Undergrad: 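Take a look at the following structure, please.
Predicted model, so just to flag it, every value in this text is computed and none were measured.
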Amino acid sequence: MSHLELLLPGEADLLIRGLRSFPLREMGSGGWNQQHENLEKLNMQAILDATASQDEPIQELLVTHGKIPTLVEELIAVEMWKQKVFPVLCRLEDFKPQNTFPIYIVVHHEASIINLLETVFFHKKVCESAEDTIFDLVDYCHRKLTLLVARSGHSGPPEDNESQYSTPMQELQKQAELMEFEIALKALSVLRYITDCVNSLSLSTLSRMLSTHNLPCLLVELLEHSPWSRREGVCWFLSPGKLQQFEGGCWQTVPPPEQQKLSKLDGQVWIALYNLLLSPEARARYCLTSFAKGQLLKLRAFLTDTLLDQLPNLADLQGFLAHLALAEPQPPKKDLVLEQIPEIWERLEQENRGKWQAIAKHQLRHVFSPSEQDLRLQARRWAETYRLDVLEAVAPERPRCAYCGTEASKRCSRCQNEWYCCRECQVKHWEKHRKACVRTAQGDRAK
């Protein structure tokens, strides 16, 4: 199959040059929506380029035009909007939209940006081009991973319970919660790529990672809980149940022969730990207190021969842990270091403190109450952006049945979103899929 091209090089250059930061008040506006569409196109083209193992002009252009800091600022701005403004919108009694798609686009914006960053941060020069915003991005990743650990007892994203979410806004809140889990997994990959550059990071960023946030210990907790894995149908007196892993946006059953295979997310955690514990710069800065020692020594139970066969470099980490077990813990360091604060979050909070209600009401009147004609125009634009041939090309693998998880070849004829392996599975899944299918079909008729 030939390499699919969504954007010509000149078009990509033009879109990237035009990227800018928007105030929270303007999120969802016409100009903001246009940039979101542009970001989606850049996102899909970056994935197509990476999949084809060809030159990756999107990451080159982002570096050349110095737009990585802009993406980081937009990422943190929409995160703040979701924390501060979105809950206010959900509580407004006089806001009962029949169509929540305009709000969904803003909620989804964070996922779009973190996905693009995950794709391009594989290249070290992208990390270097982030400049001072790398500090803010580290803080962002830490927030996401902390939430991931905090909710690890729930075995991943919450189950879809439609009877509990009746109104369009409640449905949207549910979708936002499901999306948050996937965003956190993307943030884990971005953090791992940042650790690849640990020897070139600033002292303040390194101190933030190792001292303020103690990322090595947080990563140990992630390995312990493995929130992207779960056992389905566990019966304590019969069997441990089927192993499932969250990959490609859904839970997939892992066949028994592949259960010893290292998952992509587990691999990201191990590589991040290797970078943070064994790179010279990090080792010189990380204080191995008694708490840190106790947490890190838990890793020895995971370092099996099977794991070492798949990641041979972890033999060095195994040696480090053997030495650590015999060493005396270090007292907490009392070096005088002027601690930097996350500039983007602090600035946005200062600019908008006390204005969350006003922003929500402004967006209610001027942004999230579009006319039927505006909705038709927006639906037409998105249909042009999300071409089926492009969506299938950027899919990480062959589609899987929405009901049983096996490889699927049949698509729901009404909404074209869900895949099934057979008619029987489609019928069994209909009660769960019905509402989303009807909403999508209604949106198609509005085009």
Side-chain angles (χ1 to χ4, degrees), residues 19-36 39 69-114 117 133 135-148 150-151 158 165-184 186-187 341-371 374-375 378:
L19 293 177
R20 66 182 182 92
S21 301
F22 281 81
L24 267 64
R25 182 184 175 91
E26 292 184 26
M27 287 190 175
S29 64
W32 183 94
N33 265 308
Q34 184 59 61
Q35 176 159 293
H36 178 75
L39 276 171
T70 304
L71 290 179
V72 174
E73 181 159 350
E74 274 289 280
L75 178 70
I76 294 170
V78 74
E79 178 197 20
M80 181 171 286
W81 183 92
K82 286 169 66 177
Q83 286 188 25
K84 306 289 189 179
V85 181
F86 182 53
V88 177
L89 278 171
C90 294
R91 291 194 301 267
L92 290 175
E93 294 182 1
D94 56 342
F95 186 46
K96 298 177 181 178
Q98 293 303 308
N99 193 312
T100 57
F101 185 68
I103 311 175
Y104 173 83
I105 293 300
V106 182
V107 172
H108 184 261
H109 191 59
E110 183 180 6
S112 299
I113 298 176
I114 194 66
L117 291 177
T133 61
F135 189 88
D136 297 84
L137 187 56
V138 165
D139 256 40
Y140 171 87
C141 293
H142 174 259
R143 288 193 293 272
K144 297 301 176 184
L145 298 191
T146 301
L147 288 173
L148 197 57
R151 66 182 316 279
Y165 299 91
S166 53
T167 71
M169 286 302 290
Q170 288 171 332
E171 288 281 347
L172 185 59
Q173 285 176 280
K174 177 66 174 178
Q175 289 174 333
E177 191 178 352
L178 290 166
M179 205 181 299
E180 196 64 31
F181 179 76
E182 295 187 59
I183 289 171
K186 299 285 184 184
I341 60 172
E343 186 271 333
I344 297 173
W345 181 275
E346 289 294 322
R347 174 169 50 78
L348 290 173
E349 198 165 42
Q350 286 180 9
E351 289 173 356
N352 298 283
R353 186 175 289 123
K355 300 177 184 176
W356 312 119
Q357 184 96 3
I359 292 172
K361 289 186 174 181
H362 167 81
Q363 293 181 326
L364 183 157
R365 290 192 299 269
H366 302 289
V367 178
F368 298 137
S369 300
S371 66
D374 289 337
L375 282 172
Q378 193 172 39

Undergrad: Would you call Lys144-Glu110 a salt bridge at under 4.0 Å N-O?
TA: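 Yes, charged N to carboxylate O under 4.0 Å.
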Undergrad: Minimum heavy-atom separation for Asp136 and Ile344, please, with both atom names.
TA: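 Minimum heavy-atom contact is OD2-N, 2.8 Å.
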Undergrad: How long is the gap from CD1 on Ile103 to CZ on Phe368, to the nearest 0.5 Å?
TA: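 CZ of Phe368 is found 5.5 Å from CD1 of Ile103.
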Undergrad: Give me the atom names and distance for the closest heavy-atom approach of Pro370 to Pro102.
TA: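 Looking at all heavy atoms of both residues, the shortest contact is CG-CG, 3.8 Å.
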Undergrad: How many angstroms lie between atom CG of Leu19 and atom OG1 of Thr70, to the nearest 0.5 angstrom?
TA: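 With rounding to 0.5 Å, CG (Leu19) is 7.0 Å from OG1 (Thr70).
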Undergrad: Short question: side chain of Ser369, backbone of Arg365 - any donor-acceptor pair under 3.5 Å?
TA: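 Here the side-chain-to-backbone pair does not exist.
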Undergrad: Taking all heavy atoms of Phe135 and all of Ile341, pick out the closest pair and write down the distance.
TA: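 Shortest heavy-atom separation between Phe135 and Ile341 comes out as CE2-C, 3.4 Å.
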Undergrad: Holding to side chain to side chain contact (heavy atoms under 4.5 Å, CB included), I want the full list of residues that pass it with Gln357, two or more places apart in sequence or in another chain.
TA: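 Side chain to side chain contact (heavy atoms under 4.5 Å, CB included) list for Gln357, sorted by chain: Val88, Leu92, Lys361.
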Undergrad: Starting from the C-alpha separation in whole Å, work towards a yes-or-no answer on side chain to side chain contact (heavy atoms under 4.5 Å, CB included) for Gln363 and Val85.
TA: CA-CA 10 Å; Gln363 293 181 326; Val85 181; 3.6 Å; yes
Undergrad: When rounded to the nearest 0.5 angstrom, what distance separates CZ in Arg151 from CD in Glu180?
TA: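 Taking CZ in Arg151 and CD in Glu180, the distance rounds to 9.0 Å.
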Undergrad: Does Met179 reach the side chain of Val107, with side-chain heavy atoms less than 4.5 Å apart?
TA: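 In contact.
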Undergrad: Compile the donor-acceptor pairs under 3.5 Å between side chains in residues 20-27 and protein atoms, sequence neighbours left out, one pair per line.
TA:
residue : atom : partner : partner atom : Å
Arg25   : NH2  : His362  : ND1          : 3.1

Undergrad: Classify the angle between the aromatic ring planes of His108 and His36 as parallel (below 30°), tilted (30 to 60°) or perpendicular (above 60°).
TA: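 His108 vs His36 ring planes: perpendicular.
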Undergrad: For a side chain to side chain donor-acceptor pair (under 3.5 Å) with Arg347, tell me which candidate from Gln350, Glu343, Glu349 qualifies.
TA: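 The option that passes is Glu343.
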Undergrad: Are Trp81 and His109 close enough that their ring centers fall under 6.0 Å?
TA: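 No; His109 has its ring centre 6.0 Å or more from that of Trp81.
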Undergrad: Find the distance between CD1 (Ile114) and CD (Glu79) and round it off to the nearest 0.5 Å.
TA: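 Between atom CD1 of Ile114 and atom CD of Glu79 there are 9.5 Å.
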Undergrad: Roughly how far, to the nearest 0.5 Å, is CD1 of Ile183 from NZ of Lys186?
TA: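 One gets 10.5 Å once the value is rounded to the nearest 0.5 Å.
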Undergrad: What pair of heavy atoms forms the shortest contact from Val106 to Trp32, and how long is it?
TA: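 Minimum heavy-atom separation between Val106 and Trp32: CA-CH2, 3.6 Å.
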Undergrad: If you define the side chain from C-beta out and look only at heavy atoms, does anything of Met169 sit under 4.5 Å from Phe86?
TA: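 Yes; the side chains approach each other to less than 4.5 Å.
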Undergrad: Locate the shortest heavy-atom distance separating Val72 from Thr133; write the atom from each residue and the value.
TA: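 Minimum heavy-atom separation between Val72 and Thr133: CG1-O, 3.8 Å.
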Undergrad: Quick check: does any side chain N or O of Asp139 sit under 3.5 Å from a backbone N or O of Pro342, one acting as donor and the other as acceptor?
TA: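 Here the side-chain-to-backbone pair does not exist.
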Undergrad: Going by heavy atoms in the side chains, are Leu147 and Phe181 under 4.5 Å from each other?
TA: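 Side-chain contact under 4.5 Å: no.
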Undergrad: Which heavy-atom pair separates Ala77 from Leu348 by the least distance, and what is that distance?
TA: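 Closest pair (atom of Ala77, atom of Leu348, distance): CA-CD1, 3.7 Å.
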Undergrad: Supply the atom-to-atom distance Leu178 CG to Gln173 CD, rounded to the nearest 0.5 angstrom.
TA: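 Leu178 atom CG to Gln173 atom CD measures 12.0 Å (nearest 0.5 Å).
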